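Step one of this worksheet: look at the structure below.
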Amino acid sequence: GDAIYADSTQGLDFSEFPSIKPVVRQATPETFDAAYQTQLQNPGYQNFLQRSTNITVFGCLDDHDYGVNNGDRTYAYARESALGFLKFINEPKQSPMYKRAERGFGLYGVKAFDFSRPPGQELLTDTEAAIDIDIDIDVAANTTESSFDNSTTTQQYQPSLSSKSVAVFILDVRTNKTPWKKGVQYDHEGDFLGERQWQWFERSLKQSTATINIIVQGLPVHAHRHPDANAVEDWEKFPKARQRLYDALLQSQEERGAAPMLISGDVHMAQLMRSDCYFTCNNEKAAVSVKKKRSLLEITTSGMTHSWGTCFSPQVRHHTHWYKRYASFVSRSTMTLMHYVMQLNDVMISHGPTSTIQKEDEEVVSLYGNGGGEGSKLGKQYALDLNFGELEFDWERGVVIARILGVDSTTTSGRSLLSASWTIDQLSGKEDMPGVMSVAEEQKIAYSATNADDDGWRCMAHRGDTDSLRFKLGSIALISWVSLMVVVPLLVVPLAGLAMLLYFMFRNMPRIKICFQGFRFAASAKEERKIKAKMN
């Protein structure tokens with residue numbers, strides 16, 4: 001998401017402080033064309049496209065390339081923004097993804113890769129992959145014909161993907177999104193995808209026979225952050241929609257044995273997050289019990305041009321004007337403080353290797369299930385520097401390595417900002433993830449399920465529930481710091497003026513004293529003449 005900033009910021013709105021919102025001008029179709037042309041002419045991006053071989057450019061929209069900050073279904077140019085993006089990534093017009101966007105359904109799709117095939121041939125066609133349910137495989141004359149108008153279409157063709165296959169699903173969390181409500185509240189009826197996209201995703205996910213399913217969309221899923229959705233967006237603010245997403249991923253994991261992974265962006269930093277999910281059974285004859293355990297991993301990576309470590313603002317002046325150092329300090333210190341004072345139990349904490357594997361006569365390989373691998377940072381797994389993400393699939397060992405790379409990571413002396421690794425069996429639920437819950441935690445999950453009407457999955461941050469008192473105290477500390485950083489510039493100017501005045505006075509004190517004495521002498525002489533005149 002946010003491949004371009006089609007909208008523009010015109011200052012900040014402090015009317016609902018401590019919630020600070022940007023004043024934004026929405027994008028128009030002309031804006032999209034101009035911004036994407038600028039991006040295509042970027043020398044670095046041109047070099048990437050021209051020199052790289054076997055590259056598939058694929059992606060999703062978030063709010064700024066959608067056309068409006070925190071955009072939703074009320075935006076007038078949703079169709080135009082989707083088509084502009086697909087033109088930018090050169091998506092074929094006959095693809096189901098393009099045809100859906102043309103009809104205004106949104107920008108969502110799937111591509112599959114099979115790494116058992118010869119180099120350069122890993123990308124499967126929609127027909128070969130047989131995942132997208134909007135492809136009518138039975139039409140022999142034209143296998144790219146769409147089946148939009150037949151929602152009950154099923155595919156008879158069964159693909160033969162190898163065990164070295166990956167499916168990448170792109171979701172659209174803007175075109176059909178329910179507008180955020182004002183204030184601090186959770187909207188249980190709010191939705192991100194819209195029913196048509198939900199049906200497509202759930203059914204296509206069931207169709208996928210890939211070993212690993214990667215789900216890419218703009219907003220953090222596991223995150224528990226600021227309670228006001230208008231200030232900080234994430235899936236938690238729409239609990240019902242998030243649970244439906246969890247159910248879809250976990251059900252496909254159960255039925256197909258696939259390994260799901262979540263990729264998100266938006267927040268101008270990188271984080272490695274994890275939720276642990278438990279299937280609870282509730283019946284009249286038996287106590288509530290935990291029957292299955294699964295973990296869902298999420299990798300957030302953002303951004304390549306600005307971040308909390310440089311300056312969170314996309315406006316060029318905040319990175320180039322005389323106050324850029326102060327803007328960078330405020331940006332980095334605020335987010336560093338947040339990670340220090342807030343629990344953020346969804347964010348992994350690394351203390352080193354979590355397990356090891358050995359393949360036949362090969363050397364023992366350490367796995368870093370909570371991050372900290374390859375010389376990257378230990379502790380809370382977040383990075384504030386400019387960054388991008390990378391997934392490496394080691395099919396021989398059955399290992400997936402997730403990396404967050406920084407500006408210098410591609411040099412010989414560089415290293416990953418963050419790095420974590422898991423076996424494919426851990427990702428698919430065949431093996432337990434590091435840090436299996438204790439009996440006490442299991443009982444807690446079972447107890448919470450007694451309030452539920454049906455059996456089902458319960459997902460929570462892998463380090464447990466957030467302490468409400470600490471969350472409130474942390475929020476107060478963070479708001480106090482931000483307020484101080486806003487007030488400081490307002491005090492600096494008058495204080496600097498006063499300091500300069502005092503400096504001038506002390507520096508020129510002898511002259512001022514002479515002038516004052518001269519004034520006194522002149523006044524005394526005048527008074528003396530008056531007295532003499534009266535005496536005469």
Side-chain angles (χ1 to χ4, degrees), residues 1-3 6-7 24 26-29 32 58-86 89 91 95-110 131-134 146-153 168-182 185-206 215-221 223 229-230 232-249 262-266:
D2 296 343
D7 57 345
V24 176
Q26 298 184 3
T28 62
F32 296 124
F58 196 40
C60 66
L61 288 172
D62 196 25
D63 52 349
H64 296 292
D65 40 10
Y66 180 62
V68 57
N69 185 56
N70 294 358
D72 53 48
R73 67 190 181 203
T74 62
Y75 179 54
Y77 301 112
R79 177 180 176 275
E80 288 79 1
S81 71
L83 292 176
F85 182 82
L86 291 175
I89 66 173
E91 179 69 15
S95 73
M97 189 176 190
Y98 196 97
K99 291 182 178 180
R100 281 190 290 265
E102 250 184 342
R103 298 194 177 194
F105 295 148
L107 192 149
Y108 53 94
V110 58
I131 296 176
D132 196 318
I133 64 167
D134 283 335
S146 174
S147 59
F148 297 116
D149 300 321
N150 185 359
S151 60
T152 61
T153 297
V168 181
F169 289 82
I170 297 294
L171 298 181
D172 182 346
V173 296
R174 295 296 171 185
T175 303
N176 304 292
K177 176 185 168 293
T178 306
W180 296 120
K181 293 183 178 180
K182 291 193 69 174
Q185 57 181 307
Y186 293 94
D187 186 355
H188 290 270
E189 299 306 317
D191 192 15
F192 287 105
L193 305 186
E195 189 56 34
R196 194 187 194 286
Q197 187 177 178
W198 275 118
Q199 291 288 337
W200 172 86
F201 176 59
E202 290 165 342
R203 292 172 59 198
S204 295
L205 194 60
K206 286 183 179 180
I215 291 79
V216 184
Q217 50 77 51
L219 297 178
V221 177
N230 290 284
V232 179
E233 296 186 290
D234 53 53
W235 278 70
E236 185 190 38
K237 309 303 191 305
F238 289 164
K240 190 175 179 181
R242 184 169 73 164
Q243 186 60 47
R244 187 171 181 178
L245 178 65
Y246 285 155
D247 289 341
L249 297 176
L262 290 162
I263 308 291
S264 57
D266 184 61

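Since this is a predicted model, take the numbers as computed values, not measurements.
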Within the 3.5 Å criterion, strictly below it, is a donor on Trp180 or Asp187 matched to an acceptor on the partner's side chain?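 No.
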Do the side-chain N and O atoms of Asp2 and His64 include a donor-acceptor pair separated by under 3.5 angstrom?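 No - no donor-acceptor pair under 3.5 Å links their side chains.
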Carboxylate-amine/guanidinium contact [X] [Y], below 4.0 Å:
X: Glu189; Y: Lys181; result: no
X: Glu202; Y: Arg196; result: no
X: Arg100; Y: Asp132; result: yes

Hey, what's the ring geometry for Phe238 with Phe192, parallel, tilted or perpendicular (30° and 60° as the breaks)?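 Judged by the thresholds at 30° and 60°, the geometry between Phe238 and Phe192 is tilted.
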Please walk me through it: do Phe169 and Ile131 pass side chain to side chain contact (heavy atoms under 4.5 Å, CB included)? CA-CA 10 Å; Phe169 289 82; Ile131 296 176; 3.7 Å; yes
For the residue pair [X] and [Y], establish whether any side-chain heavy-atom pair is separated by less than 4.5 Å.
X: Val68; Y: Asp63; value: no
X: Val221; Y: Tyr246; value: yes
X: Arg242; Y: Asp234; value: no
X: Leu171; Y: Ile215; value: yes

Nearest non-hydrogen partners of [X] and [Y], listed with the distance:
X: Pro220; Y: Gly265; value: CD-O, 3.8 Å
X: Gly109; Y: Phe58; value: C-CZ, 4.1 Å
X: Ala241; Y: Gly190; value: CB-O, 3.8 Å
X: Ala27; Y: Ala6; value: CB-O, 3.4 Å
X: Trp198; Y: Leu245; value: CH2-N, 3.6 Å

Lys177: partners by salt bridge (charged side-chain N to carboxylate O under 4.0 Å, His left out), with sequence neighbours left out: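 For Lys177 there are no salt bridge (charged side-chain N to carboxylate O under 4.0 Å, His left out) partners, ignoring immediate neighbours.
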Side-chain donor-acceptor pairs of residues 77-86 under 3.5 Å, sequence neighbours excluded:
| residue | atom | partner | partner atom | Å |
| --- | --- | --- | --- | --- |
| Arg79 | NE | Glu102 | O | 2.7 |
| Ser81 | OG | Tyr66 | O | 3.4 |
| Ser81 | OG | Ala78 | O | 2.8 |

Within the side chain of [X], is there an N or O that forms a donor-acceptor pair under 3.5 Å with the backbone of [Y]?
X: Arg174; Y: Asp72; value: no
X: Asp7; Y: Asn69; value: yes
X: Gln217; Y: Leu219; value: yes
X: Asn176; Y: Phe105; value: yes
X: Asp172; Y: Leu107; value: yes

Measure the spacing between [atom1] of [X] and [atom2] of [Y] and express it to the nearest 0.5 Å.
X: Asp65; Y: Cys60; atom1: CG; atom2: SG; value: 7.5 Å
X: Lys99; Y: Asp134; atom1: NZ; atom2: CG; value: 10.0 Å
X: Lys240; Y: His188; atom1: NZ; atom2: NE2; value: 10.5 Å

Run the numbers on Tyr108 and Phe201 for ring-ring contact (aromatic ring centres under 6.0 Å, His included), then give the verdict. CA-CA 9 Å; Tyr108 53 94; Phe201 176 59; 9.5 Å; no
With side chain to side chain contact (heavy atoms under 4.5 Å, CB included) as the criterion, how do Leu262 and Leu249 come out once you've worked through the C-alpha distance, each side chain's angles and the decisive distance to 0.1 Å? CA-CA 10 Å; Leu262 290 162; Leu249 297 176; 3.9 Å; yes
